[in-house]
2 protein chains.
Amino acid sequence: MKLTLPPRVSPAAFDAALTAYTGVVGKDWVMATDADRDAYSDIYAPGSNEEWPASAAVAPSSVEEVQAIVRLANEHKTPLWPVARGKNLGYGTAAPRMPGSIVLDLGRMNKVLELDPKLAYCVVEPGVGFFDLYEKIQREKAPLWMSVPGNAWGSVIGNALDHGIGYTPYGLHARNLCGLEVVLPQGDLMRTGLGAMDKNPAWHLFPFAFGPGWDLAFTQSNLGVVTKAGVWLQPEPASSLELVFDIPEEGDIGWVIDTIAPMKISGLIDQNVFIPSWLGKMVLKGQRKDFWDKPGAIPESRVAELLKEHKLGYWQVAMRLYGDEPVVKAKAEIVKAAMKRNLAAPPKETWWHQGDPINAFEITMGVPSAVPLQMSDWIGGRGAHLGFSPVVPASSEHVLGQLKRSRKIIADHDVDFYASFTIGGRFANNINMLMYDRDQPEQVANMRKLFDALIAETAAAGYGEYRTHIGWMDKVMSTFDFNNHALRRFDETVKDALDPNGILAPGKQGVWPAAYRDQAGGGRA
Amino acid sequence: MKLTLPPRVSPAAFDAALTAYTGVVGKDWVMATDADRDAYSDIYAPGSNEEWPASAAVAPSSVEEVQAIVRLANEHKTPLWPVARGKNLGYGTAAPRMPGSIVLDLGRMNKVLELDPKLAYCVVEPGVGFFDLYEKIQREKAPLWMSVPGNAWGSVIGNALDHGIGYTPYGLHARNLCGLEVVLPQGDLMRTGLGAMDKNPAWHLFPFAFGPGWDLAFTQSNLGVVTKAGVWLQPEPASSLELVFDIPEEGDIGWVIDTIAPMKISGLIDQNVFIPSWLGKMVLKGQRKDFWDKPGAIPESRVAELLKEHKLGYWQVAMRLYGDEPVVKAKAEIVKAAMKRNLAAPPKETWWHQGDPINAFEITMGVPSAVPLQMSDWIGGRGAHLGFSPVVPASSEHVLGQLKRSRKIIADHDVDFYASFTIGGRFANNINMLMYDRDQPEQVANMRKLFDALIAETAAAGYGEYRTHIGWMDKVMSTFDFNNHALRRFDETVKDALDPNGILAPGKQGVWPAAYRDQAGGGRA
């Protein structure tokens, strides 16, 4: 795509900045052709790739280079949009929130710096992907498991910083972060927690330290560039048992939540329990047109036929227990008895013991996979999706309310319904995958209207999203409006103190530095 | 004690401020007599109570009153030192870091605002003590357990904000906080997380929300006054089994750590495992003079006799498992087999089942108690203690190193050794209780030298403390010196942005606002 300059930067000043960056990383790692800009655009964008254009990208290979670039960005007033690997499909991939930002691509910083099999953690750079870390663990035969998101082609750190979730006992990825190294917006280097003492061996082990805790302040944040992080890993259990329950009816999600959440809160179940609706299985069986060849949402009568034909429940619970075999057995009896109160059919049980092979697609055992990406093919054409992701209390009342509400809005827009609830404890993450063909402008337009409606009606009911696509960050942040947007005012006060030139990720999550607050979209209330 | 004015505040200006506060809370709740000042002094102070004097105290009863006081404090330039209940013995109780600060006593804000038996959390104000919450839970017959610190006469919120620890599965108290309401340093009101959306029912359930996470930034912090917090509670288990192991020798702590830590990290043990040295039991049996009547540390030969006489191991591990009986039984077999590899004697086992009475002193079942306060009597006179609290990795190498180092320093100062290690996961909190008689000036002087030596030598070895007494906050913060104190510089940048008048808790944890940075002690490096 053609060049879009950052706000208030002249072509000459922009070129001068790129020349300065070249002095740091060499000319191969400053990328500013039309093709380069395409490569950093949102390949799932609901609309034109050019709506959120990067002007260029620069890819440092070390902390020192990141510091040098950040300092130059302040000097040249050329804002940066840091991405770890830029693979956050459905939320914007590598594209920046503010047009003309320069992508700071951290993909070259891809070293696993430490891997401790006993204390069960690693220290990684932001470019380390889930597959990279997996390979490293296998190569070293470390008895450790990861927790991975559905589509695991992204960055370990990037996903955790974006509040990503997985489906193991370590499924709240941000909670696995312990001890960060951060380049601050003016180029200074800080280490959080006990890392503020040089060579403190407990840096990545103890989550609080002396004074305020900052690790989570750097999540979904534009306050710094995380260049290194400790990430806790799960010790490989002695055994594991998968219990797969098919849940027949849509409304059954109520008792399912009220049965599983208490066991998750009590610790009997330590996994994040993922409960996807039927379409999650169906997208792996073919394309939409193989099952329904008309436009608009698949009618309920056809859905009922499909479930019958493919022997699928409306929901599927693939629960996994971990630990020593006698403990897992005792837990399984309790889980099965609890589920049996509402479900006659017993679960499908699959045991695994240390030394057994692990299937390539075992998300609940932390094996990275890109299989769920296949849903991009479901709709046909340049298939894409947006994720609508509110959080609700883990109780039937709230889950059924959320289901009914989003189900109706999605049906009103004549779009297929594909949702999951993940029980992470006292709450459930509800992710609604909204699929569309980027080559069908009317589908795209409808999708945008649908997304606006979901945000507005969900907020009106009192619930909020935990992440969103770059194009809706201002709108979602605006729904967090207690005391005249006190949270955003706080975020922006801190932002301005740390980043007076507003150089780092302006607009990230709806937080704008003073220097670029005029660039916030109309969605900012 | 006599009045010490805040820095640069004239007597007339001080009186004007108190008059203004009186307008908010009424005259009964502005306390400024010599006796009032004594009441807010550090009753365990190693030295004179007057070393860290409050000038007055003001006690609001509502969020609105807190906001009004904070605004007036900005207007009158009279710094505030917020305390929840001011019971943090060994770390400064209610006394302020900066002489002349006005204690903002939140003890009157003592409502339990919510108690949810199903989703297992409560919402409390800062004045709610552990005993208050316990009574409320009993009264409502809610099937919930708390996690309490050793001496549980303090505030639930205050202890969590100060990184306090307990000995249950919810023992990392700061991790139980979810969703805060905070009065910011200029009087604005903010709610963190999903609470930034008014009436969002998942506020106290989901620990991350949209944008940067701030809950932990308000721990050990002077960035705001927490007026309300969600606190997660443990669902009452169906049963529980206590396994008490007597560990004979000092050096055994090595294999104990290497045995227990992996089981804690894997989740087999979900409790924070507390491992106190013998003196923890002995202080409950009488006074020091009953066992050794000479000054200086009790010699090792006498310690050996005492352990024999009282049938005590050097360490004691009171481990507790929680859950459904078959699960607990299966876990217990694994724990016992693991411990047996190094310890012939089987543990003392005590079962509890739902409905059984609970002893009044069951810290591992979340029953609040003040029994450990008895250690104040050990030494005689006006007995007091200081806590020296470094954190080390949960492995024998680091724990034995820390034990050897602090043991030697404490012995060199001829002081009794009383330590505990608490395994919280990948780390262990090492708390060294240093006991002294406030009426013996030479004991106090020796204690201060000892404390300085512990901080300096521990830092030289690469380890840091996770909390400390107000008198040593500058020294400890100074040991976190990576990149020219980057962490403190960050803390202070944020502080100055949010608190331009430096009105809230100047010097807390060694973080000073620009307005009072000249008041930092000589310990600030």
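Numbered from 1 within each chain, the chains take letters A, B, ... in sequence-line order. None of these values were measured; they are calculated from a predicted model. These values consider heavy atoms only, across backbone and side chains, with no hydrogens, waters or symmetry-generated copies.
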Separation of B:F427 CZ from A:L194 CG (nearest 0.5 Å):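 Interatomic distance, A:L194 CG to B:F427 CZ, rounded to 0.5 Å: 10.0 Å.
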
Could you measure the distance from the CZ atom of B:R489 to the CE atom of A:M190? Nearest 0.5 Å is fine.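 These two atoms lie 10.0 Å from each other.
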
Chain A contact via [X] - side chain, backbone, both or neither, heavy atoms under 4.5 Å:
X	result
B:D258	side chain
B:A209	backbone
B:R191	both
B:N429	side chain
B:K118	both

Chain B contact residues among residues 180-187 of chain A, heavy-atom distance under 4.5 Å: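 Residues in range: A:L184.
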
Which residues in residues 264-272 of chain A have any heavy atom lying under 4.5 Å from a heavy atom of chain B?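 Interface residues of residues 264-272 of chain A: A:I265, A:S266, A:L268.
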
With sequence neighbours excluded, give me every salt bridge (charged side-chain N to carboxylate O under 4.0 Å, His left out) pair touching residues 203-213 of chain B.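 Counting only pairs at least two positions apart or across chains, no salt bridge (charged side-chain N to carboxylate O under 4.0 Å, His left out) contact touches residues 203-213 of chain B.
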
Should the pair A:K331-B:D324 be classified as a salt bridge under the 4.0 Å nitrogen-to-oxygen rule?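 No.
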
Below 30° counts as parallel, above 60° as perpendicular, anything between as tilted: where do the rings of A:F210 and B:F480 land?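 Rings of A:F210 and B:F480: parallel, as their planes differ by under 30°.
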
Considering only residues two or more places apart or on different chains, which pairs with a residue in residues 207-221 of chain A satisfy side-chain hydrogen bond (donor to acceptor under 3.5 Å, both in side chains)?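 Of all non-adjacent pairs touching residues 207-221 of chain A, those that pass side-chain hydrogen bond (donor to acceptor under 3.5 Å, both in side chains) are A:H163-A:T219, A:H163-A:Q220, A:T192-A:D215, A:W214-B:D491, A:Q220-A:Q509.
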
